[in-house]
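Single-structure report; data block below.
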Amino acid sequence: MWERWGPSRNSAVWIVILLIVVVSLVVYSTYFQRLGSPPEQRIREVVRMEVWIYSNEWEGLLRSYQQENPDVEVSIRSFQSYDALASELSAAISAGRAPDAAEISNAYGLKEWIDTGALQPIEPDGHAPELTAAARTAFTYNHALWAAPVGASVPLLLYHQDKLQNAGYPTDVEYHDLNHMAEVLSSWIQGLKDRKASIKWNQTLAVDDSLSLVFMNLWGLPRDVDGQTHLQELLTTWHALVFDYGVMFPLEHRLALSEFMDGQILFLITDSQKMNWLDRYIAGKFKYGALPVPGITVQGIAPHYSAFVVLQGGEGTPWANELVRHLQSKDVQESLIANTGYIPVREDTLASLKRNMKEADADMLLRLSESFLSIQPSEDDYRRWRLIADSLTQLEIESHPDVDRMTAELLPLLP
């Protein structure tokens with residue numbers, strides 16, 4: 001009876017197999033729940049994207065982008081200067097080992113890299129209405145936008161507030177231009193000497209290594225004056241800072257920023273973006289103030305732009321496009337001044353910040369942005385940049401420089 005109605009030997013085997021399968025599924029499920037996910041979900045392809053920068057302030061934003069996108073691994077290479085990055089980028093493009101994205105400046109380089117075919121257009125038709133006109137123009141060539149501007153900066157005149165007050169001189173003087181400022185500072189120095197008062201600084205006026213940027217802003221885009229006369233006056237004034245007024249030391253530009261922090265310089269002309277860096281290192285040791293560079297708002301301001309280009313054909317190219325859109329997003333742009341010292345490039349962000357900004361220095365930067373000039377990239381950009389720096393060097397070391405020759409060489413290259 002049992003053999004007829006009970007389970008057969010085959011049935012028992014199938015029951016055992018079924019139990020083994022059920023137990024295996026339970027163990028398998030429990031194990032991978034604890035581990036996090038099944039192997040087919042845990043194994044994912046991570047895309048590696050290489051990004052080159054010369055402004056260390058972008059590194060934090062790049063790291064946060066990677067945290068928000070775990071499928072991409074961002075490898076960051078930092079350079080000490082734009083000159084160093086641009087030179088290495090040109091070599092890397094020629095050797096076929098360019099990064100996926102790179103920070104560039106509007107100073108020079110864009111036209112050269114476009115001609116190599118190495119760059120991918122950010123906007124092929126140049127349509128980027130969210131950006132300011134000046135930011136778009138700086139990286140538009142043949143109607144296409146070739147780099148994504150993400151931040152702007154301008155030259156500023158910083159002054160050591162404590163030393164000025166201790167010397168009995170005002171901080172709110174309105175200097176008409178660089179020549180007027182040199183006259184005022186020279187008279188202050190002479191006044192201290194006449195009173196036999198000690199001078200508590202080493203150098204009265206210094207310009208850091210942003211020489212070409214500073215000079216481009218002193219030049220502006222003169223419309224109501226003769227360009228040749230205007231340029232000759234600028235070159236003559238630069239020479240006079242050293243040889244006539246005696247307020248600036250020759251060839252002291254690379255050390256100017258550190259010497260200002262050490263209290264050895266009374267006035268410093270530098271890039272506005274460096275104020276964040278100064279605030280961290282000065283850390284309340286003394287008070288300093290900031291003013292527009294004398295005369296630069298008269299003809300308009302030629303800003304420095306930080307932008308990112310996307311290189312063709314790399315594994316991380318799609319992610320590089322996402323990255324530049326992230327850096328131009330409203331969330332990033334609204335906190336740009338606080339996080340990096342750069343001025344935003346979005347129209348809506350600038351309008352919002354101007355309405356709500358309460359900090360005086362940041363408000364001044366936003367107001368200066370209203371005078372930004374729209375200057376297109378040119379094949380002469382690099383030559384102009386180098387010639388300005390070389391000419392200013394000659395003016396600082398030669399007692400009788402050939403200003404007419406410098407004017408004839410430089411004038412055709414200026415916008």
Side-chain angles (χ1 to χ4, degrees), residues 49-55 58 62 77 79 81-153 212-213 216 221 302-328 342 345-346 372-389 412-415:
M49 176 173 61
E50 186 177 8
V51 182
W52 291 4
I53 58 174
Y54 65 90
S55 302
W58 295 118
L62 296 178
R77 182 179 176 186
F79 292 79
S81 67
Y82 179 56
D83 283 347
L85 185 151
S87 177
E88 185 69 15
L89 183 60
S90 293
I93 289 173
S94 298
R97 50 180 177 80
D100 298 293
E103 180 191 7
I104 71 164
S105 163
N106 60 321
Y108 61 84
L110 184 65
K111 174 68 166 54
E112 170 194 344
W113 297 320
I114 292 172
D115 289 344
T116 66
L119 302 186
Q120 180 182 102
I122 302 298
E123 295 290 347
D125 61 357
H127 185 68
E130 72 279 5
L131 301 177
T132 64
R136 284 197 310 273
T137 303
F139 301 99
T140 297
Y141 188 77
N142 282 345
H143 308 294
L145 183 67
W146 291 94
V150 290
S153 60
S212 297
L213 173 66
M216 282 290 289
L221 283 180
H304 159 252
Y305 280 110
S306 170
F308 281 83
V309 290
V310 175
L311 284 299
Q312 293 274 19
E315 178 190 19
T317 297
W319 286 102
N321 283 305
E322 288 294 327
L323 172 65
V324 298
R325 281 192 284 269
H326 170 73
L327 295 175
Q328 288 183 332
Y342 278 112
V345 295
R346 290 181 63 105
F372 282 4
L373 297 168
S374 295
I375 301 176
Q376 293 181 326
S378 164
E379 60 184 11
D380 292 326
D381 285 346
Y382 181 75
R383 184 182 170 203
R384 177 181 65 227
W385 210 251
R386 294 307 317 160
L387 187 57
I388 289 174
L413 303 179
L414 293 172

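In what follows, every heavy atom counts, from backbone to side chain, and hydrogens, waters and symmetry copies are set aside. This structure is a prediction, so every number in the text was calculated from the model and none was measured.
Interatomic distance, L414 CG to M216 CE, rounded to the nearest 0.5 Å: 6.5 Å. D100 CG to L323 CG: the interatomic distance, rounded to the nearest 0.5 Å, is 10.0 Å. The CD1 atom of I104 lies 14.5 Å from the CD1 atom of I53; values are rounded to the nearest 0.5 Å. To the nearest 0.5 Å, atoms CD1 (I122) and CD (Q328) are separated by 7.5 Å. Here the straight-line distance linking atom CD of Q376 with atom CG of N142 works out to 10.0 Å at 0.5 Å rounding. Summarising the geometry, atom OG belonging to S105 is positioned 6.0 Å from atom CH2 belonging to W385; distances are rounded to the nearest 0.5 Å.
Contact record, S374 with A134: OG-CA, 3.4 Å, taken as the closest heavy-atom pair. Between V345 and A152 the shortest heavy-atom distance is CG1-N, 4.3 Å. Across all non-hydrogen atoms, the minimal contact from T132 to R346 is CG2-C, 4.4 Å. For A144 against P124, the heavy-atom pair with the smallest separation is CB-O, 3.3 Å.
Between the side chain of S212 and the backbone N or O of I388, no donor-acceptor pair lies under 3.5 Å. At least one donor-acceptor pair closer than 3.5 Å links the side chain of D381 to the backbone N or O of S378. No donor-acceptor pair closer than 3.5 Å links the side chain of S87 to the backbone N or O of D83. With T116 contributing its side chain and W113 its backbone, the two residues share a donor-acceptor pair below 3.5 Å.
Side-chain contact check for E379 versus D115: every heavy-atom pair is 4.5 Å or farther apart. The side-chain heavy atoms of L110 and F139, taken from C-beta on, include a pair separated by under 4.5 Å. Side-chain atoms of I114 and P121, non-hydrogen and from C-beta on, never get closer than 4.5 Å to each other. Inter-residue side-chain proximity for Y342 and S55 is flagged as met; some heavy-atom pair is nearer than 4.5 Å.
Contact check on R136 versus E123 returns no salt bridge, with no Lys/Arg side-chain nitrogen under 4.0 Å from an Asp/Glu carboxylate oxygen.
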Acceptor/donor pairs from residues 302-313 side chains to any protein atom, 3.5 angstrom cut, sequence neighbours excluded:
| residue | atom | partner | partner atom | Å |
| --- | --- | --- | --- | --- |
| H304 | ND1 | S153 | OG | 3.0 |
| H304 | NE2 | Y54 | OH | 3.0 |
| Y305 | OH | A135 | N | 3.3 |
| S306 | OG | W58 | NE1 | 3.0 |
| S306 | OG | E103 | OE2 | 2.7 |
| Q312 | NE2 | L119 | O | 3.2 |

Please walk me through it: do E88 and F79 pass side-chain contact (heavy atoms from CB on, under 4.5 Å)?
CA-CA 9 Å; E88 185 69 15; F79 292 79; 3.7 Å; yes
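Dense packing is recorded around CZ of R77, with more than 12 heavy atoms of other residues, nucleotides or ligands lying under 6.0 Å away. Summarising the local packing, CD of E322 is surrounded by more than 12 heavy atoms from other residues, nucleotides or ligands at distances under 6.0 Å.
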